[in-house]
Amino acid sequence: MSSLKRTPVPESVDPDAWRLEIDGAVEEPLRCTRADLETRELDAFTEDFDCLEGWTAPGLAWAGIRVSDLLADARPRPEARWGLVHGMDGDYACGLRLDRLADGLLALRLDGEALPVEHGGPARLALPGDSDCWESVKWVSRIELLDHEPSAADTARELALSRIDD
Ligand SMILES: Nc1nc2c(c(=O)[nH]1)N[C@H]1C(S)=C(S)[C@@H](COP(=O)(O)O)O[C@H]1N2
Ligand SMILES: [Mo]
């Protein structure tokens with residue numbers, strides 16, 4: 001298994017209760033279960049994962065569903081420009097421009113195995129190319145489309161950066 005760091009799984013994370021909601025600026029809000037996702041085509045990429053705290057997990061092999069495929073089912077409204085991706089751990093969320101988000105994977109597998117809960121299972125956002133560690137939202141439970149950039153207060157950026165000096 002990967003050399004990602006193992007941090008304790010927050011109490012609010014219950015993988016058995018996991019659902020994914022896609023809502024906000026969409027024509028057809030969606031709610032899916034794990035079973036709904038199992039039938040879908042998987043895409044994959046392999047990349048190093050760098051945390052801003054100074055560690056690297058080399059060569060992580062992610063496999064999952066293209067976010068663009070999931071979003072297509074919810075039919076984004078023309079004004080949708082941003083996505084706020086929420087985790088199951090309280091207020092953790094990350095705002096991403098819709099084009100970058102659409103390029104990402106809702107990763108269900110890591111290094112050939114089902115994504116373990118310690119690393120965000122059942123579903124974690126994996127973004128190819130240049131991205132910051134805190135953008136790889138673990139336990140993704142909601143993708144909220146917005147017509148405006150979410151405020152800093154709505155995203156976990158400051159929280160993630162504040163851990164750097166701990
Ligand atoms: N939901 C959620 N996702 C998250 C975080 C978090 O606290 N909650 N931390 C981020 C940060 S800063 C890093 S470095 C990675 C850590 O991934 P790991 O726990 O699998 O090593 O998850 C990212 N995604
Ligand atoms: Mo990080």
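Atoms within each ligand, like the ligands themselves, are counted from 1 in listed order. This one's a predicted model, so the numbers in the text were calculated from it and none came from an experiment.
- In terms of protein heavy-atom proximity, atom 7 (O) of ligand 1 is closest to R163 NH2, 2.7 Å.
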Determine, step by step, whether D23 and R142 satisfy the salt bridge (Lys or Arg N to Asp or Glu O under 4.0 Å) criterion, reporting the C-alpha distance in whole Å, the side-chain angles of both residues, the deciding distance to 0.1 Å, and the verdict.
CA-CA 8 Å; D23 63 3; R142 182 177 176 208; 3.1 Å; yes
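- No donor-acceptor contact under 3.5 angstrom links the side chains of D48 and T56, judged on distance only.
- In this structure, R124 has a heavy atom closer than 4.0 Å to ligand 1.
- Among all non-hydrogen protein atoms, the one lying nearest atom 8 (N) of ligand 1 is D89 OD2, 2.7 Å.
- Among the atoms of W134, none of the N or O lies under 3.5 angstrom from an N or O of ligand 1.
- Two residues are said to be in side-chain contact when any heavy atoms from C-beta on lie closer than 4.5 Å; L20 and L30 fail this criterion.
- The closest approach between S136 and ligand 1 falls below 4.0 Å for a heavy atom of the residue.
- Residue contact check: T7 has heavy atoms under 4.0 Å from atoms 19 (O) of ligand 1.
- Considering each of G121, S141, C51, the one bringing a non-hydrogen atom nearest atom 14 (S) of ligand 1 is C51.
- From the protein, the heavy atom lying nearest to atom 20 (O) of ligand 1 is H119 ND1, 2.7 Å.
- Formation of a donor-acceptor pair under 3.5 Å by the E113 side chain with backbone atoms of L110 is not found in this model.
- Within the listing of ligand 1, atoms 14 (S), 21 (O) sit less than 4.0 angstrom from a heavy atom of W55.
- Judged purely by atom type and a 3.5 angstrom limit, R81 uses its side chain to pair as donor or acceptor with the backbone of P78.
- Linking Ile, Leu, Val, Met, Phe, Trp and Tyr whenever their side-chain heavy atoms come within less than 4.5 Å puts L96 and W134 in one cluster.
- Taking only nitrogen or oxygen atoms, main chain and side chain alike, E53 does not reach within less than 3.5 Å of ligand 1.
- Between K5 and ligand 1, a contact under 3.5 Å exists for at least one N or O pair.
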Using the salt bridge (Lys or Arg N to Asp or Glu O under 4.0 Å) rule, take E53 and K5 through it: C-alpha gap first, then chi angles, then the decisive distance, then the call.
CA-CA 11 Å; E53 287 175 85; K5 202 159 119 183; 3.6 Å; yes
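- In terms of protein heavy atoms, atom 6 (C) of ligand 1 is closest to Y92 CE1, 3.2 Å.
- Between the side chains of S136 and R124, at least one donor-acceptor pair of N or O atoms lies under 3.5 Å.
- When hydrogens are left out, the protein atom nearest atom 13 (C) of ligand 1 is C133 O, 3.9 Å; that is the closest non-hydrogen contact.
- When atom types are taken as modelled, the side chain of D147 and the backbone of A80 share no donor-acceptor pair closer than 3.5 angstrom.
- In terms of polar-atom proximity, defined here as any N/O pair under 3.5 Å, K138 does make such a contact with ligand 1.
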